[in-house]
Undergrad: 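Take this structure first; my questions come after.
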Number of protein chains: 2
Amino acid sequence: MNKSRLNNYFHSLFPIPEEIVKRITAPFCHFTLDKNLTLIEKNTISTKTYFLEEGYMRSYILNEENEEITTNIYVAPCFVNDFLSFFKKQPTKVIYQTITDCSFWETSLENVQKNFHTIPEFREFSRLLFVINYSKLNDRLIEMASQKAETRYLNLLKEQPLVIQHFPLKIIASYLGITDSTLSRIRKEISKI
Amino acid sequence: MNKSRLNNYFHSLFPIPEEIVKRITAPFCHFTLDKNLTLIEKNTISTKTYFLEEGYMRSYILNEENEEITTNIYVAPCFVNDFLSFFKKQPTKVIYQTITDCSFWETSLENVQKNFHTIPEFREFSRLLFVINYSKLNDRLIEMASQKAETRYLNLLKEQPLVIQHFPLKIIASYLGITDSTLSRIRKEISKI
DNA sequence: AGGATCACTTGATAAATGTCAAGAAATTAA
DNA sequence: TTAATTTCTTGACATTTATCAAGTGATCCT
């Protein structure tokens with residue numbers, strides 16, 4: 001299996017010497033999942049971290065009425081990880097599911113820990129990954145608090161045009177915090193212009 | 001100056017030997033700020049990390065209409081840090097402001113970096129701080145996307161009862177993503193019950 | 001103390017979004 | 001291919017929240 005996309009991802013975030021990236025990614029294992037399957041189940045402790053090499057995913061929770069609320073969407077290439085479960089060894093509250101057929105590279109918490117404590121570049125990389133994820137979440141929160149649904153949809157369209165093609169309307173709607181009827185109307189409204 | 005509250009904070013998150021905490025906090029400097037003052041200005045690069053020992057703060061941005069949108073509130077004891085600016089050496093988009101008189105402990109990025117790469121317990125602590133902050137943000141986002149304003153206010157009341165006493169209504173409203181009129185009406189509605 | 005500013009409340013009305021239900025279109029399964 | 005299921009759209013109507021404007025009370029300033 002060719003690890004070039006995995007290796008490139010490390011380089012793209014942070015300048016790391018080639019041989020160190022190879023050392024980091026050596027223990028990663030490849031696997032695939034068909035669409036509409038669960039990568040991480042609810043109430044399990046996630047002991048692996050995943051690199052989504054190809055495909056589309058989402059994470060979601062079930063609210064009191066057992067409705068699915070999409071909490072995040074993932075477009076390859078990116079890491080997919082339940083931070084809370086992985087680092088605090090707690091059961092996940094969130095379900096991670098493939099939307100399309102996906103291919104992954106996975107590695108264990110033990111390996112992450114080993115790298116974190118022995119490879120300075122890996123620590124910097126991990127922290128940067130956190131900073132970026134935190135910052136994206138923060139931007140989404142600000143948007144949610146201050147923009148109306150149509151604006152949020154238009155932003156998503158601009159930032160992640162592929163999402164609209166690969167995710168069903170219902171999932172995009174709940175990701176944006178609106179109902180599917182409303183999103184359908186927003187689309188109609190936009191298409192007029 | 002007594003560092004016990006700063007030191008205790010390290011212990012409270014993660015079991016760390018006393019002497020290591022002392023080594024970590026040794027270079028922290030104490031200072032105070034009166035209320036309604038700016039801790040981190042917009043468009044500056046934040047090169048310090050702050051521990052809020054006592055008092056209340058918020059972070060906010062200005063939107064296109066130059067209205068203040070409160071992005072986060074801080075209740076001592078906690079760390080206050082613009083992750084994006086601090087770790088990526090970028091100008092902040094966010095303003096950090098005291099709400100009440102506050103007392104802080106500060107340290108430099110260089111010191112954080114030194115500790116991060118030389119003290120394993122400090123790395124674990126830092127990462128845990130990230131995980132916790134990320135997770136809180138995630139919970140807020142889910143709430144914002146799926147609960148109505150009254151529910152969000154009642155949750156805040158339950159989770160952070162002191163916030164309601166120390167922050168003006170306007171700031172709480174924008175933190176909850178609503179206008180001050182609406183929050184005033186929500187309060188009236190709740191008081192009826 | 002007195003005027004200025006700020007924080008909060010309230011009313012009338014408008015805009016944004018949700019709910020429920022039905023039907024059309026697309027996809028999946030047998 | 002047909003039937004079943006899911007996805008998307010749309011209408012009628014309800015609820016939530018925003019907007020604007022005015023008024024009251026509190027606080028700050030010199």
Side-chain angles (χ1 to χ4, degrees), chain A residues 34-37 56 58 60 62-70 73 97-101 141-157 163-193, chain B residues 34-37 56 58 60 62-70 73 97-101 141-157 163-193:
Chain A
D34 287 347
K35 69 171 171 174
N36 294 327
L37 293 178
Y56 297 87
R58 68 153 174 163
Y60 68 98
L62 298 168
N63 68 5
E64 314 78 50
E65 287 85 32
N66 245 40
E67 295 156 344
E68 297 179 359
I69 297 175
T70 297
I73 56 185
Q97 180 195 46
T98 58
I99 299 296
T100 62
D101 293 355
L141 184 61
I142 293 169
E143 199 182 47
M144 200 70 90
S146 65
Q147 310 286 162
K148 62 178 196 164
E150 184 175 322
T151 313
R152 302 203 297 274
Y153 179 71
L154 286 170
N155 282 350
L156 181 63
L157 209 59
V163 163
I164 277 76
Q165 296 167 36
H166 290 95
F167 288 72
L169 174 138
K170 196 170 59 167
I171 288 178
I172 298 171
S174 90
Y175 176 72
L176 293 172
I178 56 179
T179 59
D180 38 357
S181 325
T182 298
L183 181 50
S184 184
R185 289 189 176 105
I186 287 172
R187 283 187 169 173
K188 192 181 171 190
E189 204 55 38
I190 288 168
S191 68
K192 279 187 197 163
I193 307 166
Chain B
D34 287 347
K35 69 171 170 174
N36 294 325
L37 292 178
Y56 297 87
R58 67 152 174 165
Y60 68 97
L62 296 168
N63 69 4
E64 313 80 48
E65 286 85 31
N66 245 40
E67 295 156 342
E68 297 179 358
I69 297 174
T70 297
I73 55 184
Q97 180 195 47
T98 57
I99 299 296
T100 62
D101 293 355
L141 184 60
I142 294 170
E143 198 182 47
M144 199 71 91
S146 64
Q147 310 287 161
K148 63 179 194 162
E150 184 175 321
T151 313
R152 301 204 297 275
Y153 179 71
L154 287 170
N155 283 350
L156 181 63
L157 209 57
V163 163
I164 277 77
Q165 295 167 36
H166 290 95
F167 288 71
L169 175 138
K170 196 171 59 170
I171 288 178
I172 298 171
S174 90
Y175 176 72
L176 292 172
I178 57 180
T179 59
D180 39 357
S181 326
T182 299
L183 181 50
S184 184
R185 289 189 176 104
I186 287 173
R187 283 187 169 173
K188 191 182 170 188
E189 204 54 41
I190 288 168
S191 68
K192 280 188 198 164
I193 306 163

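In what follows, every chain begins at residue 1, and chains take the letters A, B, ... in the order their sequences are listed.
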Undergrad: Using the six-membered ring wherever Trp is involved, compare the ring planes of A:H166 and A:Y56 and label them parallel, tilted or perpendicular (cut-offs 30° and 60°).
TA: parallel
Undergrad: Does a side-chain heavy-atom distance below 4.5 Å link B:I178 with B:I186?
TA: yes
Undergrad: I want to check something: taking the side chain as every heavy atom from C-beta on, are B:V163 and B:Y175 in contact at a cut-off of under 4.5 Å?
TA: no
Undergrad: State the OH-CD1 distance between B:Y60 and A:I142, to the nearest 0.5 angstrom.
TA: 13.5 Å
Undergrad: Is a side-chain N or O of B:D101 found less than 3.5 angstrom from the main chain of B:K35, in a donor-acceptor match?
TA: yes
Undergrad: Do B:E68 and B:L62 have side chains that get closer than 4.5 Å, going by heavy atoms?
TA: yes
Undergrad: Compare all side-chain heavy atoms of B:T70 with those of B:F167 and state whether any distance is below 4.5 angstrom.
TA: no
Undergrad: Is there side-chain contact between A:S146 and B:N63, with at least one heavy-atom pair below 4.5 Å?
TA: no
Undergrad: Do nucleotides 16-30 of chain D as a string where each nucleotide becomes B, S or -: B if the base has a protein heavy atom under 4.0 Å, S if just the sugar-phosphate does, - if no protein is that close.
TA: SSSBB-------S--
Undergrad: For the helix from C:dA1-D:dT30 to C:dA30-D:dT1, what angle separates the axis at the start from the axis at the finish, each from five pairs, in steps of 10°?
TA: 60°
Undergrad: Calculate, to the nearest 0.5 Å, the distance between atoms CZ and CD1 belonging to B:R152 and B:I172 respectively.
TA: 13.5 Å
Undergrad: Rounding to a whole Å, what distance do you find between A:K170:NZ and D:dC8:P?
TA: 8 Å
Undergrad: From CZ of A:R187 over to C1' of D:dT10, roughly how many Å is that when rounded to an integer?
TA: 15 Å
Undergrad: So which atom in A:P168 and which in A:I99 form the shortest heavy-atom distance, rounded to 0.1 Å?
TA: CD-CG2, 4.3 Å
Undergrad: Nucleotide range of DNA chain C contacted by chain A, 5' to 3', under 4.0 Å to a heavy atom?
TA: C:dA16 to C:dT28
